[in-house]
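Below is one structure, written out as structure tokens; the observations come after it.
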Amino acid sequence: MAKPVNPNPGLFDEPADTPEAPQAPRVPNAAYETILSWDALDALLAKISTAELTALDTETNSLDEMRAELVGISFSVSVGEGAYIPLAHNYPDAPEQLPREEVLAKLKHWLENPAAKKLGQHIKYDRHVFANHGVEVQGYAHDTMLQSYVLEVHKPHGLSSLAERHLGRSGITFEDLCGKGVNQITINQVDIAKVSEYACEDTDQTLDVHGVLWPQIQLDAGLGFIYQLEIESSEALYRIERNGVLIDAPTLAAQSHALGVRILQLETEAHELAGQPFNLSSPKQIGEIFFTKLGLPVVKKTATGAPSTDEEVLEKLAEDFPLPAKILEHRGLAKLKGTYTDKLAQLALPRTGRVHTHYAQAVAVTGRLSSNDPNLQNIPIRTPEGRRVREAFVAGVGNVIASADYSQIELRIMAHISGDAALLGAFRDGLDVHKATAAEVFGVAVEQVTSEQRRYAKVINFGLIYGMSAYGLARNLGIDNQAAKNYIQRYFERYPGVKDYMDRTREEAKAKGYVQTVFGRRLYLPEIGSPNGQRRAGAERAAINAPMQGTAADLIKLSMVKVQQVLDAEQRGTRMIMQVHDELVFEVPEAEVDWLTIEIPRLMAGVADLKVPLLAEIGVGPNWDKAH
DNA sequence: TAAGTCACG
DNA sequence: ACGTACGTGACTTAT
């Protein structure tokens, strides 16, 4: 039977998949107020000044937080109520609004007062928006997005999802207001009454969601600790994003040009070898040329059954044929040019030449950050040509770049959690851990370990962190299954504590449906009980990896918070400018280099007292490449 | 919008 | 017998 058409989607939709969600009656709109006079603003200010906690939200003309301008501000101090101050609605015949800068001047004291406690959904964004108007908001105590991330990392964290899931409330959507696709308009072009309803609903629902989630967090000391860490990290991340990183555009342009010349040359050569023109960037067309026209052997297939042309396949085919090598080189260079050397300078702010990434704090299920627009966490380093991109990450006049990274952080965490005596001993003795592993697995003295054996041990150690199988290890080392099995068996004989940890973790995941980091972050594994063996096995591997990756994420967040706190307290000129999972990058006045090279590693190593020492190493140079 | 590929830790 | 290493984001092609 066909569902009846809903004339007003979003407003009256039933929550589809949350039978446990309570059904609250829709809030009467009468309690939502639009502020258009100074008297009304004064009354609002009086109200929020005495409130215990105020939900605060901005409406803007852009999702790009560095460029977004305020269109209006909404507030709620009790559930069911709300107030909206329209500031920059400029459609034809829009009512006269209070002047934006004067309103902000009036609100500035309250906004910047740390004692005036505030709540928001994704507060890092709003911090940027206010900062764009010269206001540095203080007193942000809560963020419902981060509450959800801490409590239910595997579920969506958008406000509308939270309101549906926890309150059974729905509301006006952004698309209802502004449309979508090419016809989408910005919120300043939308009727004030409609936006007021929408904006008040946002702060109202935020306060309402907070009332449900915050008590749940308070029930568990570990979750409370992690939540506080997330709140403090949010501010540190805001500072990093705001600082941005200086990009040397001419260097990138020169690299782009050189890459372009070589790419064209490779195209010509590839077309000649193929006997016809084709698009070297199209795996489909490569497949046709390789496997249909030239009759090359199919090495492996993709997820959808098509013959694969990925790097591994091309390497293999390049042993016997000339064309795959051309494509391989073309792929690499086109990736560098298209993703990095062409793009990074475009994303810099013209006035400052700095790029400002966005760190997503509630995306990665392990507790890690992710970085986007641009992603500064996947800048090349593994090949010499790629690594040159890092030469374009530079410091301003009188400054240098410093990079501090945790050494072997995940293996150290594995040693801590497992308590394995041999692994703990290796770290306590300051050994080269891969070499030590090789000595154990191959049964030779540490001094006798060959570079080949060390390389094997390194792959094994990585494999352990990823919850490897013999099959996976065999593929990675290019050895047969039985040999891989033997290595793993040998490893577990030498490091029985690690074996126990792996077994315990699988059991814990199955019993509880989640695993935890050292600091109490929970990582849910919905597929751990799946009847599908493949999915279940995947969840088991994730269960083994998550405590290590997640604890490492906790540690670097602790470091970011601590380091920023010290930089502020000592009024240093050093600025934190990037985070890359186990690495923090700084722009440092030359006069502070001596201080920083001692103090940052000390701070990073000191954020936690584990059964193994933490080690952070730091390098300094004129650019990010030379700082390693 | 999905698929394939590849950049990072 | 199965057939994958854990976690991300961006680009290009093709539908």
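Being a predicted model, the structure only gives us computed values, none of them experimental. FYI, side chains are in, hydrogens and waters are out, and symmetry mates aren't considered; it's all heavy atoms of this structure. Throughout, a chain's letter reflects where its sequence line sits, starting with A, and its residues are numbered from 1.
Of all heavy-atom pairs spanning Asp143(A) and Tyr227(A), the tightest one is N-OH, 3.1 Å. The heavy-atom pair separating Leu614(A) from Ala608(A) by the smallest distance is CD1-O, 4.1 Å.
Note: CG (Leu314(A)) to C1' (dG4(B)) measures 12 Å, nearest angstrom. Look at CD on Gln408(A): it is 12 Å from C1' on dG9(B), rounded to the nearest Å. Rounded to whole Å, the distance from CG on Leu280(A) to P on dC6(B) is 13 Å. To the nearest angstrom, P of dC8(B) lies 17 Å from CD of Gln549(A). Straight-line distance from the CG atom of Leu336(A) to the C1' atom of dT5(B): 14 Å, rounded to whole Å. A straight line from CG of Leu584(A) to P of dG9(B) spans 14 Å, rounded to a whole angstrom. Summarising the geometry, the separation between NZ on Lys284(A) and P on dT5(B) is reported as 14 Å, rounded to the nearest angstrom. With rounding to whole Å, Asn378(A) atom CG is found 4 Å from dA7(B) atom C1'.
Between Ser371(A) and dC8(B) there is no side-chain polar atom (N or O) within less than 4.0 angstrom of OP1 or OP2. Within the 4.0 Å cut-off from OP1 or OP2 of dC6(B), at least one side-chain nitrogen or oxygen of Arg331(A) is found. Of the side-chain N and O atoms in Thr302(A), none sit less than 4.0 angstrom from OP1 or OP2 of dA3(B).
When the shell of 6.0 Å around CZ of Phe462(A) is examined, it contains 12 or fewer heavy atoms from other residues, nucleotides or ligands. Enclosure of atom NZ in Lys300(A) by more than 12 non-hydrogen atoms of other residues, nucleotides or ligands within 6.0 angstrom is indicated. Atom NE2 of His257(A) is surrounded by 12 or fewer heavy atoms from other residues, nucleotides or ligands within 6.0 Å.
Ring planes of Tyr456(A) and Tyr487(A): perpendicular class, angle over 60° (limits at 30 and 60°).
Taking the P atom of each, dT4(C) and dT5(B) are spaced 14 Å apart, rounded to whole Å. Of the P atoms belonging to dC6(B) and dA5(C), the separation is 14 Å, rounded to the nearest Å.
Within the 3.5 Å criterion, the main-chain N or O of Pro374(A) finds a donor-acceptor partner in the side chain of Thr357(A). No donor-acceptor pair under 3.5 Å is formed between the side chain of Arg454(A) and the backbone N or O of His434(A). At distances below 3.5 Å, at least one donor-acceptor pair connects side-chain atoms of Asp420(A) with backbone N or O atoms of Gly497(A). In this structure, the side chain of Glu583(A) does not engage the main chain of Ala404(A) through any donor-acceptor pair within 3.5 Å. Between the side chain of Arg390(A) and the main chain of Pro380(A), a donor-acceptor pair closer than 3.5 Å is present. No donor-acceptor pair closer than 3.5 Å links the side chain of Arg535(A) to the backbone N or O of Ser530(A).
Of all the residues in residues 460-469 of chain A, Tyr466(A) reach under 4.0 Å from DNA chain B with at least one non-hydrogen atom. Shown for residues 525-545 of chain A: no residue has heavy atoms falling under 4.0 angstrom of DNA chain B.
Looking at heavy-atom distances under 4.0 Å, Val389(A) makes no contact with the nucleic acid at all. Note on Glu311(A): only backbone sugar-phosphate atoms sit closer than 4.0 angstrom, heavy atoms only; bases stay farther off. Leu369(A) comes within contact range of no nucleotide atom at all, as no heavy-atom separation falls under 4.0 Å.
Annotation: salt bridge (Lys or Arg N to Asp or Glu O under 4.0 Å) contacts of Glu493(A) (sequence neighbours excluded): none. Looking at residues two or more places apart in sequence or on another chain, you find a salt bridge (Lys or Arg N to Asp or Glu O under 4.0 Å) between Glu241(A) and Lys124(A).
Residue Asp310(A) places its side chain closer to dC6(B) than to any other of dA7(B), dC6(B), dG4(B). If you check dG4(B), dG9(B), dC6(B) against the side chain of Pro283(A), the one that comes closest is dG4(B).
Under the 3.5 Å distance criterion, with hydrogens and angles disregarded, a donor-acceptor pair is assigned to the side chains of Asp176(A) and Thr173(A).
From the 5' end on, the contacts that DNA chain C makes with chain A at under 4.0 Å to a non-hydrogen atom open and close at dG3(C) to dT15(C).
DNA chain C contains the following stems of three or more consecutive Watson-Crick or G-U pairs, with both distances under 3.5 Å: B:1-9 with C:6-14.
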